[in-house]
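Worksheet: one structure, shown below.
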Amino acid sequence: MKIKIVVHQAEEGGFWAEVPSLPGCATQGETFEELLENIYEAVELYLSVDVTPPELDKHSRVMEIAI
């Protein structure tokens with residue numbers, strides 16, 4: 001999966017980034033490398049949030065996939 005991010009230079013130094021396709025998903029870093037580490041973590045955490053559990057019957061199963 002590919003996700004576009006928008007990287008900004010922070011006025012006070014460093015960088016910050018946002019993920020337009022994931023509302024509210026943003027992070028910052030003092031260096032560009034730190035920013036990249038943080039944005040990967042932010043996206044992973046954003047996508048791992050559990051929502052209301054699905055209703056399952058005896059023919060259903062819950063699975064996780066890597067993207």
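Model, not experiment: these values are computed from the prediction.
Minimum interatomic distance between A26 and A42 (heavy atoms only, all atoms of both residues): O-CB, 4.5 Å. Considering all non-hydrogen atoms of both residues, L35 and T27 come closest at CD1-O, 3.9 Å. Shortest non-hydrogen contact noted between T31 and F15 is C-CD1, 3.8 Å.
How far CG of L56 is from CZ of R61: 11.5 Å, rounded to the nearest 0.5 Å. Distance CD/Q28 to CD/E18: 14.0 Å, rounded to 0.5 Å.
Between the Y46 side chain and the P23 main chain, a donor and an acceptor come within less than 3.5 Å of each other. Of the possible polar contacts, one joining the E34 side chain to the E30 backbone as a donor-acceptor pair under 3.5 Å is found.
Clustering ILVMFWY residues whenever any of their side-chain heavy atoms sit less than 4.5 angstrom apart, transitively, puts W16 in a cluster other than the one holding V19. V6 and M1 are members of different hydrophobic clusters when ILVMFWY side chains are connected at heavy-atom separations under 4.5 Å. No chain of hydrophobic side-chain contacts below 4.5 Å, direct or via other Ile, Leu, Val, Met, Phe, Trp or Tyr residues, connects I65 to L45. A continuous path of ILVMFWY side-chain contacts below 4.5 Å connects F32 to I3, so both sit in one hydrophobic cluster.
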Q: I would like to know whether V7 and I39 meet side chain to side chain contact (heavy atoms under 4.5 Å, CB included); could you show each step before the answer?
A: CA-CA 10 Å; V7 177; I39 198 69; over 6 Å; no

